[in-house]
Number of protein chains: 2
Amino acid sequence: MAKSIRKKLTERVTITDVAHTAGVSKTTVSRYLSGQYHILSENARNRIQEAIRELNYRPNQMARGLKQDRSYLIGMVIADITNPFSTAILRGAEDVCKQRGYSIMVCNTDNDPAKEREYIFMLQSRRIDGLLINTTGRNNQFLRQLAEEHTAIVLVDRKVPELGLDTVGVDNELSTKEAIRFMINRGYEQIAFFTEPLEGVSTRQERANAFKDILIQYGFPVADLYEADLQQAEPLLKQLERFLESSREGKRAIFAANGVILLKLIHALKHKGLRIPDDVAIAGFDEMEWTDLIGPGITTVSQPTYQIGVTAMERIFRRLEGDHSPSQNIAFAGKLIIRGSTPSVKGL
Amino acid sequence: MAKSIRKKLTERVTITDVAHTAGVSKTTVSRYLSGQYHILSENARNRIQEAIRELNYRPNQMARGLKQDRSYLIGMVIADITNPFSTAILRGAEDVCKQRGYSIMVCNTDNDPAKEREYIFMLQSRRIDGLLINTTGRNNQFLRQLAEEHTAIVLVDRKVPELGLDTVGVDNELSTKEAIRFMINRGYEQIAFFTEPLEGVSTRQERANAFKDILIQYGFPVADLYEADLQQAEPLLKQLERFLESSREGKRAIFAANGVILLKLIHALKHKGLRIPDDVAIAGFDEMEWTDLIGPGITTVSQPTYQIGVTAMERIFRRLEGDHSPSQNIAFAGKLIIRGSTPSVKGL
DNA sequence: TTGTACGCGTTATCAA
DNA sequence: TTGATAACGCGTACAA
């Protein structure tokens with residue numbers, strides 16, 4: 001291992017230096033730092049304040065953490081940090097953390113269990129106090145291990161029932177049913193459901209199941225549930241073609257199980273020269289900054305992402321503060337935003 | 001004795017525990033941890049490995065960091081983490097960090113100098129080894145302070161010449177000129193430039209100046225440079241109306257200085273019922289996932305964001321490895337992506 | 001090849 | 001209201 005020698009450009013200022021120039025002991029300075037002003041004399045307090053400013057002192061968090069067995073660090077493990085859904089959650093989580101003096105370490109897994117595991121190890125080494133994770137579901141034993149140490153874990157978006165952890169997300173069944181029911185009521189008679197691979201991802205499963213349930217409830221055949229791996233573009237295109245060939249223009253619609261696949265589908269439609277909603281209607285999960293700008297506007301199920309991030313983070317802090325109540329499953333209501341991509345076709 | 005009691009209470013596995021169960025000293029374990037295998041007997045090495053696995057030991061990074069005066073932490077201070085431009089950079093930076101065992105702490109400033117300052121202090125407390133920052137430009141003295149400690153700082157996107165720091169971004173002058181020149185060649189005779197407030201943000205200034213320069217070069221009057229504060233929607237709308245009233249249909253175009261304002265402008269146009277490009281042509285900085293889907297597709301200047309993140313991070317590591325060469329200013333070429341929002345209007 | 005002893009910067013415990 | 005001292009978990013001279 002090639003290590004480079006680091007030169008000390010500036011000697012680091014320590015609590016001892018502050019104590020020295022303020023003419024008090026380290027202990028007293030430490031008390032000042034942790035805000036125990038009531039046991040400090042006016043005099044000591046002022047001199048310490050002055051010394052800190054003069055020396056430009058910043059307490060060393062590593063030393064504090066080591067001593068206190070607390071890092072004031074939160075890990076955030078996400079499948080894809082470039083997904084706006086994830087960043088909105090991060091935004092919410094970050095706001096709550098900042099306010100409490102915690103920092104967030106971001107980890108991008110690409111849905112790869114191996115990467116996720118590496119990150120969990122790293123975060124464990126850093127003694128993170130809390131973890132907010134959108135998990136692949138393939139590293140449950142390590143998550144359980146983490147939870148057994150002092151780490152407060154909250155699962156975001158994806159549940160893993162066997163872990164018995166707090167979960168925050170949206171009510172997938174409710175929202176999916178509302179959306180599909182809406183499309184049926186608008187007169188669509190053949191609705192395709194496109195999702196990324198279901199295995200291991202509760203969110204996708206819940207939405208797919210809700211889709212099936214509602215179709216059955218309305219007496220429709222469940223013929224068009226497509227699972228597409230988005231690594232390559234081909235599979236999705238093929239499945240889309242299959243659906244288009246098997247359906248009649250005018251009464252058909254597509255529902256996308258999340259924002260990523262919704263975007264891909266819109267791209268594919270454009271690529272094939274198909275118009276929305278004339279050739280095919282479309283709707284799907286995840287409101288994004290562009291959904292009202294594409295064609296006649298895309299009908300979406302909007303998730304309160306920022307709120308999800310805030311809530312997840314608040315659960316973490318509650319746990320850190322000693323709340324040992326049974327694990328909660330917090331599901332927000334999604335909001336169906338109706339736009340031109342799913343017009344009524346009843347008269348046709 | 002006291003040790004075993006403490007262990008039952010806290011359950012934290014330390015290097016001492018590993019040493020005990022492996023039957024060696026802490027030092028030997030430490031050598032193992034830092035990969036100095038050549039000074040370890042086969043026997044010791046195996047026993048340590050086994051002990052680590054058995055106890056599920058993870059070295060405490062806070063302790064290591066404290067001892068080594070290194071945190072293996074990189075701070076990333078960004079104006080808006082939900083901006084796809086920022087997350088793409090983060091993605092690149094993160095990939096490089098992961099590979100080296102570093103972690104990234106994200107800090108969202110909302111372009112607020114006060115928030116930025118708070119974050120700088122916090123990061124200083126954490127003894128970050130490196131900082132990647134998209135700065136407001138209003139906390140230069142604190143950045144200078146950080147740089148004087150052991151922190152390698154790289155400015156991303158926005159420069160601050162007086163700090164003499166490494167900078168990574170895109171060649172704003174070149175790309176802006178190319179884009180405006182392209183629009184002029186396509187026959188547009190009145191081009192408006194919309195930007196967020198110029199003050200203190202080099203990127204915006206460079207683009208605005210390039211815009212002015214090229215107009216002058218072609219003998220056009222520089223009448224339509226609009227600085228809009230996007231906190232409220234009103235100002236932008238008013239300015240847009242001013243431009244539309246002062247210009248003739250058919251030969252007018254809008255250029256947006258970044259992705260955020262480009263999106264707002266497209267929204268505003270839609271809101272006013274104006275069509276692209278029939279009523280007004282439009283182009284702007286920042287390629288986004290939706291730019292090819294809006295109307296006839298939006299002409300954009302694409303920045304190699306992922307590459308910017310990677311490069312910035314690599315500069316940081318180079319500095320940490322002892323590179324003391326003069327500060328670099330790395331400017332990538334942007335790429336003009338021509339789409340239907342800026343058709344040729346020469347014949348009109 | 002291995003181990004002993006000390007120190008990193010901070011907080012907690014106790015005594016004054 | 002203060003301070004001396006012992007940890008926290010690890011790495012590293014120095015010794016063996």
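Quick note on labels: first sequence line is chain A, next is B, and so on, each numbered from 1.
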> Hey, does A/Y32 reach any base, or is it just sugar-phosphate, or nothing, if we go heavy atoms under 4.0 Å?
Replying inline: nothing

>> Between P on C/dT1 and CZ on B/R45, what's the gap in Å once rounded to a whole number?
In response: 12 Å

> Which of these nucleotides, D/dT2, D/dG11, C/dT10, is closest to any side-chain atom of A/R64?
Replying inline: C/dT10

> Any donor-acceptor pair under 3.5 Å joining the side chain of A/R58 to the base of C/dG9?
Replying inline: no

>> Just to be sure I understand the rule, does B/V29 reach a base, reach only the sugar-phosphate, or reach nothing, if contact means heavy atoms closer than 4.0 Å?
In response: nothing

> Does the B/N83 side chain pair with the main chain of B/F85, one donor and one acceptor, at a distance under 3.5 Å?
Replying inline: yes

> Whole Å only: how far is the CD1 atom of A/I39 from the C1' atom of C/dC14?
Replying inline: 14 Å

> With a non-hydrogen cut-off below 4.0 angstrom, is B/Y37 in contact with a base, only sugar-phosphate, or nothing?
Replying inline: nothing

> If you check the B/T14 side chain, which of C/dG9, D/dC10, C/dT4 turns out closest?
Replying inline: D/dC10

>> Checking side-chain contact (heavy atoms from CB on, under 4.5 Å) between B/R315 and each of B/I330, B/L320, B/I153, B/V310, which is the one that passes?
In response: B/I330

> Rounded to the Å, how far apart are A/R70 CZ and D/dA7 P?
Replying inline: 23 Å

> Tell me: CE of A/M62 to P of D/dG9, nearest whole Å?
Replying inline: 16 Å

> What about A/K67, does its side chain sit under 3.5 Å from the base of D/dA7 through a donor-acceptor pair?
Replying inline: yes

> What are the two closest heavy atoms between B/S202 and B/K159, and how far apart are they?
Replying inline: OG-N, 2.7 Å

> Using a cut-off of less than 4.0 Å, is there contact between a side-chain N or O of A/Y72 and OP1 or OP2 of C/dT10?
Replying inline: no

>> Under 4.0 Å, heavy atoms only, any strand: does B/S30 hit a base, just the sugar-phosphate, or nothing?
In response: base

>> Looking only at the side chain of A/L66 (C-beta and beyond, no hydrogens), which of the listed nucleotides D/dA7, C/dG3, D/dG9 gets closest?
In response: D/dG9

> Can you check the A/N60 CG to D/dC8 P distance for me, whole Å?
Replying inline: 18 Å

> Starting at CD1 of B/I15 and ending at C1' of C/dG3, how long is that distance when rounded to a whole Å?
Replying inline: 13 Å

> Which whole-number value in Å describes the distance from A/K26 NZ to C/dG7 C1'?
Replying inline: 11 Å

> Is there a side-chain polar atom (N or O) of B/S41 under 4.0 Å from OP1 or OP2 of C/dT2?
Replying inline: yes

>> Are the side chains of B/R126 and A/L73 in contact, using a 4.5 Å heavy-atom criterion?
In response: yes

>> Is a donor from one side chain sitting under 3.5 angstrom from an acceptor on the other, for A/E94 and B/N108?
In response: no

> Out of C/dT11, C/dG3, D/dG3, which nucleotide sits closest to the side chain of B/T27?
Replying inline: C/dG3

>> Checking A/E149 against A/T151: is there a side-chain donor and acceptor pair closer than 3.5 Å?
In response: no

>> Within the 4.0 Å heavy-atom criterion, would you say B/T28 contacts the bases, only the backbone, or no part of the nucleic acid?
In response: sugar-phosphate

> Given atom CD of B/Q36 and atom P of C/dT2, what is their separation to the nearest angstrom?
Replying inline: 12 Å

> Choosing from D/dG11, D/dA13, C/dG9, which nucleotide comes nearest the side chain of A/R12?
Replying inline: C/dG9

